[in-house]
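For reference, the structure discussed in these notes is given below.
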Number of protein chains: 2
Amino acid sequence: MTDLAHGIDPQEAIAPQVMRALREAIVRTDLPPGTLISEADIARRFGVSRQPVREAFIKLQEAGLVGIRPQRGTQVLRISMEEVVNARFVREAVEAAVVHEAAETRPAGLAARLAALIAEQEKAAEAGDGVGFLRLDEAFHRGLAQGIGRDFAWSVLEGIKAQMDRVRFLSFEGATPMADIIGQHRAIVGAIAAGDAPAAEAAMRRHLREILSSLPKIAEAHPDYFVPRDDRAARTAA
Amino acid sequence: MTDLAHGIDPQEAIAPQVMRALREAIVRTDLPPGTLISEADIARRFGVSRQPVREAFIKLQEAGLVGIRPQRGTQVLRISMEEVVNARFVREAVEAAVVHEAAETRPAGLAARLAALIAEQEKAAEAGDGVGFLRLDEAFHRGLAQGIGRDFAWSVLEGIKAQMDRVRFLSFEGATPMADIIGQHRAIVGAIAAGDAPAAEAAMRRHLREILSSLPKIAEAHPDYFVPRDDRAARTAA
DNA sequence: TTCACCATTCTAGTATGGCAGTATGGCAGC
DNA sequence: GCTGCCATACTGCCATACTAGAATGGTGAA
């Protein structure tokens, strides 16, 4: 996080820009878990007043990325496996409903658009472009929801998936290979194209459950980034 | 909205209190849809500064209850049938997953606790206590999610159901009778107690789809409270 | 050496002021 | 009567100042 002022457009509202930059810095571990930050500190770095930083902090707290402690300071939160698992549960429920509806309605062009995204994912995987792959993976899921007019559902998921995003950013060191993810995406699109709603649901559920098996490995590789182990996460994962 | 200062505890953070009071006033139509409000106006009424009011406004905007227009003012939004339908979709997906898990795991005491809530609902229905009934209905749904440790899922639903809350507040004039809702709750609990996950899901889906049939009647009874009719809502409701 | 007290510093939350954009009303000219 | 221009008022957004609570470090006494 060397140059934050580089990117603030004074023509647009400042708070959302600060929020986006900080979210990105947290997800990419430029602001590692455990980092102490303050309104004043961040305001100085961005060259803005504290107020919009405060607004950004409040939103980041809602996303589970920071903890604001009155009078004491704000801290980038460690990744909670429990929160990842909880968010995944909600995400699975919603995305299963989305693909169920996609398979039932089969909107014109949706399968083709998704297939094109998958082709781009393959290119990214070949090039070893992890960040690009993540972006395309997100475009895939977003394209699914928005392809059937479920923009609101996607916006809800966007609000809750920060922890999963952090895990996925860390996941290029031994977690699920990109080729496996691509295969899972293919299975989803295949079931949608075939109008097979139960199969589409099952494929999406399998896809989103992948994180449950890779999560312990990632946590082991980055123990400092995670909240200390809590057995409750394992129980709720069932 | 006569006496807002009545209720602000200066020992606690002010912004969340203002947000809660305004949310309540909007849901109960004390601040009717279309009302113009401003940071300065609300701040004067609560006897606080504009800053925490602004924070409350931002959160209310996220909940879809107000629209903040820079430089021009803030307005209590009319109820959008489309948004109700969109929120219902997400809610159905998540709550179906919750009851599915409840029926599979059958935590000790859950069915009994839910049955006790239903008994209280019956009392409220007999007494014609609509507001009390709404509170108990919400307790039922919250108790379900929290009863299986899905607190996070419930908190997500809380964040998106403001529009549905407004509709339900308006629904005591000809919409679904309380007795029908109680019957639906019973069916859900019965399926959970029997460990029949598919039946529990189906019962919850039926229950949450109830609003789709009553929504047009409510909108007809309160045309000024709703966004003008848009055919897209009917399409997305399928 | 340890503990208690005090001063200083830091923090988030709130209060107040300034700014740019928008809306409205009044007035003059055609 | 209509239109355009200007002055005024209002708005949200951001900047700055104030406040209360928490943390830390220094000092003196036991």
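If you're wondering where the values come from, they're calculated on a predicted model, not measured in any experiment. Below, chain A is the first sequence line, B the second, and so on; all start at residue 1.
- C:dA12 atom C1' lies 14 Å from atom CG of A:Leu36, rounded to whole Å.
- Within the 4.0 angstrom heavy-atom criterion, no nucleotide atom of any strand lies near B:Ala43.
- For A:Tyr225, the ring pair (Phe, Tyr, Trp, His ring centres under 6.0 Å) partners two or more places apart in sequence, or in a different chain, are A:His222.
- Checked against A:Arg28 for a side-chain contact (heavy atoms from CB on, under 4.5 Å), the options A:Val131, A:Leu170, A:Asp165 give a single hit: A:Val131.
- Smallest separation of non-hydrogen atoms from A:Ser80 and A:Gln163: N-NE2, 4.1 Å.
- Atoms CD (B:Gln75) and P (D:dG12) sit 12 Å apart, rounded to a whole Å.
- Using a 4.5 Å cut-off on side-chain heavy atoms (C-beta onward), A:Phe140 and A:Leu144 make contact.
- In this structure, A:Glu55 places its CD atom 14 Å from C1' of C:dA12, rounding to the nearest Å.
- Positionally, the nearest nucleotide of DNA chain C for B:Arg50 lies more toward the 5' end than for the other of B:Arg50 and A:Gln11.
- Side-chain atoms of B:Gln17 and B:Arg20 form no donor-acceptor pair, as typed in the model, at a separation below 3.5 Å.
- To the nearest angstrom, C1' of C:dG18 lies 14 Å from CD of B:Gln51.
- Judged purely by atom type and a 3.5 angstrom limit, B:Asn86 uses its side chain to pair as donor or acceptor with the backbone of B:Glu82.
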Please tabulate, one pair per line, each protein N/O and nucleotide N/O from nucleotides 6-11 of chain D that are separated by under 3.5 Å, including the distance.
residue: D:dT11; atom: O2; partner: B:Gln71; partner atom: OE1; Å: 3.3

